[in-house]
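Residue numbers start from 1 in every chain, and the chains themselves are labelled A, B, ... in the order their sequence lines are given, proteins ahead of strands. For clarity, every value in this text was computed on a predicted model and none was experimentally measured. Both backbone and side-chain heavy atoms feed into the values below; hydrogens, waters and symmetry mates do not.
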Number of protein chains: 2
Amino acid sequence: MKTKCCDTHLSEEEAQELLSQNGISRTKIKTSILLLLSKSKKPLSASEIYQKYGPKNCDISTIWRTLKQFHEKGITREINLGEDFFRYELKDTQDEKDHHHHHVRCRNCGDIKQLEECDLSAFEKMFSRLGFKKMEHYLEFTGICSKCP
Amino acid sequence: MKTKCCDTHLSEEEAQELLSQNGISRTKIKTSILLLLSKSKKPLSASEIYQKYGPKNCDISTIWRTLKQFHEKGITREINLGEDFFRYELKDTQDEKDHHHHHVRCRNCGDIKQLEECDLSAFEKMFSRLGFKKMEHYLEFTGICSKCP
DNA sequence: CAAATTACTGCAAGTCAATTGCAATTAATC
DNA sequence: GATTAATTGCAATTGACTTGCAGTAATTTG
């Protein structure tokens with residue numbers, strides 16, 4: 001089984017190029033965060049990045065500001081995996097086709113509608129063959145609704 | 001389009017019965033929270049419940065304790081819709097087939113694996129017909145992996 | 001049904017993720 | 001290389017969520 005669909009291991013030069021393309025200063029910290037995200041096999045939390053980069057080398061507030069900036073520029077995706085904090089992952093440069101639930105939320109006005117179920121039991125059967133138990137899944141759609149710009 | 005697949009409007013008696021079935025005291029607050037959740041068309045946050053029930057009638061910590069208890073008993077589901085807080089919704093009494101993303105997370109050890117994409121573009125086309133723009137979706141699977149009890 | 005036990009609640013204090021103001025520092029621009 | 005704009009560290013702050021404790025209400029038991 002393929003466990004990662006998009007391996008985006010950035011080189012230091014590519015990371016710096018990505019910063020420049022988005023009008024962000026090429027600092028050591030920002031470059032390092034990009035590299036950490038690109039090397040990680042799972043989305044990272046701010047405190048994980050803080051631990052990996054070294055608490056002596058940088059303040060946690062800088063990590064937060066950087067993650068917020070990356071998110072605003074669309075470089076990363078901010079996701080919650082059922083924990084009480086967010087994780088961050090690099091987006092592929094291509095079209096974004098990730099994310100999924102049985103809700104539609106307007107990212108502008110916050111309106112949320114519940115949807116009918118989507119049958120993903122076939123996936124769950126695959127997981128049970130891999131030894132997983134008590135599978136659950138979560139599907140969410142987000143977008144900008146017709147009332148919003 | 002059906003926007004809610006499972007309408008579970010509880011009566012006051014049904015709500016109290018649900019509490020008893022789960023070994024929870026039939027108090028006014030707990031009953032009211034169940035009714036609020038069952039009447040709502042979207043999952044509610046703790047502070048929304050607090051506002052609706054009335055800050056004079058109950059302390060926010062009681063709401064939190066109640067939501068936690070409901071979750072532990074499996075009465076409700078705790079979900080995050082990209083906001084920085086959780087929302088709560090009643091589960092259907094039947095089998096749970098909600099939830100979704102392109103990660104598998106073990107709820108015991110926290111191990112997270114990324115998965116291949118799942119094509120839900122057909123759904124997104126449906127949304128664009130409804131006037132939605134910039135659709136994104138999030139799919140997450142959770143379960144107990146083979147290394148865990 | 002009244003006493004004893006157990007669960008629930010309010011209040012206040014605390015934790016932790018995430019944000020922000022300000023002054024010092026570094027990178028980008030000219 | 002000097003000026004300007006962005007970045008950073010530090011400290012204080014917000015807001016979601018938790019917890020200890022003492023008082024109160026619900027359940028149980030005789």
Atom pair distance, as rounded to whole Å: CG in B:Asp84 and P in C:dA17 | 13 Å
Using the closest heavy atom to pick a nucleotide of DNA chain D for each, name whichever of B:Ile24 or A:Cys58 lands nearer the 5' end.
-> A:Cys58
Find which nucleotide of DNA chain D each of B:Arg26 and B:Ala46 is nearest to by heavy atoms, and output the residue with the more 5' nucleotide.
-> B:Ala46
Determine: side-chain N/O of B:Lys30 to OP1/OP2 of C:dC8, distance under 4.0 Å, yes or no.
-> yes
Just to confirm, is there a sub-4.0 Å distance from OP1 or OP2 of C:dT9 to any side-chain nitrogen or oxygen of B:Thr27?
-> yes
Under a 4.5 Å cut-off applied to non-hydrogen side-chain atoms, are A:Phe85 and A:Glu48 in contact?
-> no
Protein-nucleotide distance (B:Ile29, atom CD1; C:dG10, atom C1'), rounded to Å = 9 Å
Would you classify A:Ile60 as touching base, sugar-phosphate or nothing, given that sugar-phosphate means primed atoms plus P, OP1 and OP2, and contacts are heavy atoms under 4.0 Å?
-> nothing
For residues B:Thr31 and B:Leu19, determine if any side-chain heavy atom of one lies less than 4.5 Å from a side-chain heavy atom of the other.
-> yes
From CH2 of A:Trp64 across to P of C:dT19 the rounded distance in Å is 6 Å
Round to a whole Å and report the spacing from CD of A:Gln16 to P of C:dA27.
-> 11 Å
Spacing of B:Tyr53 atom OH relative to C:dC8 atom C1', expressed in whole Å = 13 Å
Between B:Thr62 and A:Lys68, just flag the one whose closest nucleotide in DNA chain C comes earlier from the 5' side.
-> B:Thr62
Separation of atom CG in B:Asp59 from atom P in D:dG23, rounded to whole Å | 17 Å
Do A:Tyr88 and A:Ile33 have side chains that get closer than 4.5 Å, going by heavy atoms?
-> no
Rounded to whole Å, CZ of A:Phe85 lies from C1' of C:dC16 at a distance of 11 Å
Length of the CD-P vector between B:Glu72 and C:dA7, whole Å | 13 Å
With respect to the side chain of B:Ser25, which nucleotide from D:dA16, D:dA26, C:dC11 is positioned closest?
-> D:dA26
Donor-acceptor side-chain pairing of A:Arg26 and A:Ser20 below 3.5 angstrom | yes
Looking only at D:dT27, D:dA11, C:dA17, the nucleotide nearest the A:Ser61 side chain is D:dA11
Report the nucleotide, chosen from D:dC17, C:dC8, D:dC21, that has the shortest atom-to-atom distance to any side-chain atom of B:Arg65.
-> D:dC21
Where the side chain of B:Gln69 is concerned, which of C:dC8, C:dG10, C:dA18 is the nearest nucleotide?
-> C:dC8
For the pair A:Asp59 (side chain) and A:Ser61 (backbone), establish whether a donor and an acceptor sit closer than 3.5 Å, ignoring hydrogens and angles.
-> yes
